[in-house]
Amino acid sequence: MRIVVMVSGSGTNLQSILDAVAAGFLNVEVAAVGADKPCKGLERAKEHGIATFVVSPKDYATREAWNRALEQRIDDESPDYIIFAGFMRIVDADLVNRFAGRIINTHPALLPSFPGAHGVRDALAYGVKITGVTVHVVDAGVDTGPILDQAAVPVLEGDDESALHERIKVQERSLLVTTIKKLSEGLID
Ligand code: GRF
C-alpha cells in the first residue's frame, strides 16, 4: 500500500507512522510527505529519506487553483491512501471526489462533537469530561466523513488546551497507526 501523508506542523503523527514502518509494524510505503508550508513535519520526512513537497495557497491566485495543484501533486504519487496527519487545510469537494474514500483524517475530538480547527479548545470550553480522537474518512464536509475508529481521553482537573491536546496526541498517534495497519491489511475499507 502506497500512502502520501499531508502535514502542517510538528509532524508527531507522521513520526509515529515512520517509526511503525521502520519497525516493520506497518507494511506500507510512504511515497511522499506533503505540506501547505515549510514545517517540522517535512524535516522529519527528509530525515527518513522520504520525498517531500509543498503546495502553498500563497502561491496560487485562487483557492480553486490551489486545490487543483495539490490534487495533481498528490495524484503524481499514485497513492492508495492519503493520510491527513495534522494537515490544517480544508480541501474542496473535487479533490475529495478525485480520491473518494481514500483520504483519511485524524481529528483531536470525539466527532461528531467539536469539529473544526479548535476541537480541543472547544471541548474544554464546553466542559465535557471525556473527549478523545477520531480517525475518519474525509468527505466533502468539515470532519463529517465516516468514522473508522475512536479513542476516549478523560479531561483532568486543571487541564489547559495544551496539556489536554498532548494527552490526546498520545492516543492519536497509536490510533492512526493501527487504523492505517487495518487499511493495509484489508480489515477495513
Ligand atoms: C493533531 O492533534 C491533529 O489531529 C491536529 O493537530 C495535531 C497535529 O500534530 N489537527 P502533529 O503535527 O502530528 O504533531
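Bear in mind that the values here come from a model prediction, so they are computed numbers and not experimental data.
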Check: Any chance the side chains of Glu172 and His165 put a donor and an acceptor closer than 3.5 Å?
Finding: no
Notebook entry, point to check: Taking atom types as modelled, is there a side-chain donor on Asp94 or Asn67 under 3.5 Å from an acceptor on the other?
Noted result: no
Next item on the list: Test Ile83 against every option in Leu176, Val4, Val28, Thr179 by the side chain to side chain contact (heavy atoms under 4.5 Å, CB included) rule and name the one that passes.
Entry: Leu176
Notebook entry, point to check: Which value, rounded to the nearest 0.5 Å, describes the distance between Leu14 atom CG and Asp19 atom CG?
Noted result: 9.0 Å
Notebook entry, point to check: For Ser16, which residues count as a side chain to side chain donor-acceptor pair (under 3.5 Å) partner, sequence neighbours excluded?
Noted result: none
Notebook entry, point to check: Can any side-chain N or O of Gln171 pair as donor or acceptor with the backbone N or O of Val133 at less than 3.5 Å?
Noted result: no
Next item on the list: Please tell me if the side chains of Ser113 and Val128 come closer than 4.5 Å, counting only heavy atoms from C-beta onward.
Entry: no
Item checked: Side-chain (Lys181) to main-chain (Phe25) donor-acceptor, under 3.5 angstrom -> yes
Next item on the list: Just jot down the side chain to side chain donor-acceptor pair (under 3.5 Å) partners of Glu71, sequence neighbours excluded, or say none.
Entry: Arg68, Arg98
Check: For residues 101-120, which residue pairs qualify under ring pair (Phe, Tyr, Trp, His ring centres under 6.0 Å), counting only residues two or more places apart or in two chains?
Finding: Phe114-Tyr126
Check: Should Leu42 and Trp66 be regarded as members of a common hydrophobic cluster, given that ILVMFWY residues are connected when their side-chain heavy atoms come within less than 4.5 Å of each other, either directly or indirectly?
Finding: no
Notebook entry, point to check: Linking I/L/V/M/F/W/Y whenever their side-chain heavy atoms sit closer than 4.5 Å, directly or via other members, would Val7 and Ile17 fall into one cluster?
Noted result: yes
Check: Hey, does the side chain of Asn97 reach the backbone of Ala93 with a donor-acceptor pair shorter than 3.5 angstrom?
Finding: yes
Notebook entry, point to check: Asn27: what forms a side chain to side chain donor-acceptor pair (under 3.5 Å) with it, not counting sequence neighbours?
Noted result: none
Notebook entry, point to check: Is the backbone N or O of Gly132 less than 3.5 Å from a side-chain atom of Arg167, with the two atoms forming a donor-acceptor pair by type?
Noted result: no
Next item on the list: Output all residues satisfying ring pair (Phe, Tyr, Trp, His ring centres under 6.0 Å) with Phe84, sequence neighbours left out; order by chain, then residue number.
Entry: Phe87
Would you be so kind as to tabulate the donor-acceptor pairs closer than 3.5 Å made by side chains of residues 49-61, with sequence neighbours excluded?
from: Ser56; atom 1: OG; to: Lys58; atom 2: N; distance (Å): 3.2

Margin query: Apply salt bridge (charged side-chain N to carboxylate O under 4.0 Å, His left out) to residues Lys46 and Glu43 and explain how you reach the verdict.
Written below: CA-CA 5 Å; Lys46 286 176 193 160; Glu43 298 310 315; 3.6 Å; yes
Notebook entry, point to check: Applying the 4.5 Å side-chain criterion to the ILVMFWY set and letting contacts propagate, would Met6 and Leu26 be lumped into a single cluster?
Noted result: no
Margin query: Pairing donors with acceptors under 3.5 angstrom, does anything connect the side chains of Thr12 and Arg173?
Written below: yes
Checklist line | Salt-bridge contact Asp80-Arg2 (side-chain N to carboxylate O under 4.0 Å) | finding: no
Item checked: Short side-chain to backbone donor-acceptor contact, Asp159 and Leu156, under 3.5 Å -> yes
Next item on the list: Output yes when Arg44 and Glu47 qualify as a salt bridge under the 4.0 Å nitrogen-oxygen rule, no when they do not.
Entry: no
Notebook entry, point to check: So do the side chains of Met88 and Asp36 get within less than 4.5 Å of each other, counting heavy atoms only?
Noted result: no
Item checked: side chain to side chain contact (heavy atoms under 4.5 Å, CB included) partner of Asn105, chosen from Thr134, Val138, Leu111 -> Val138
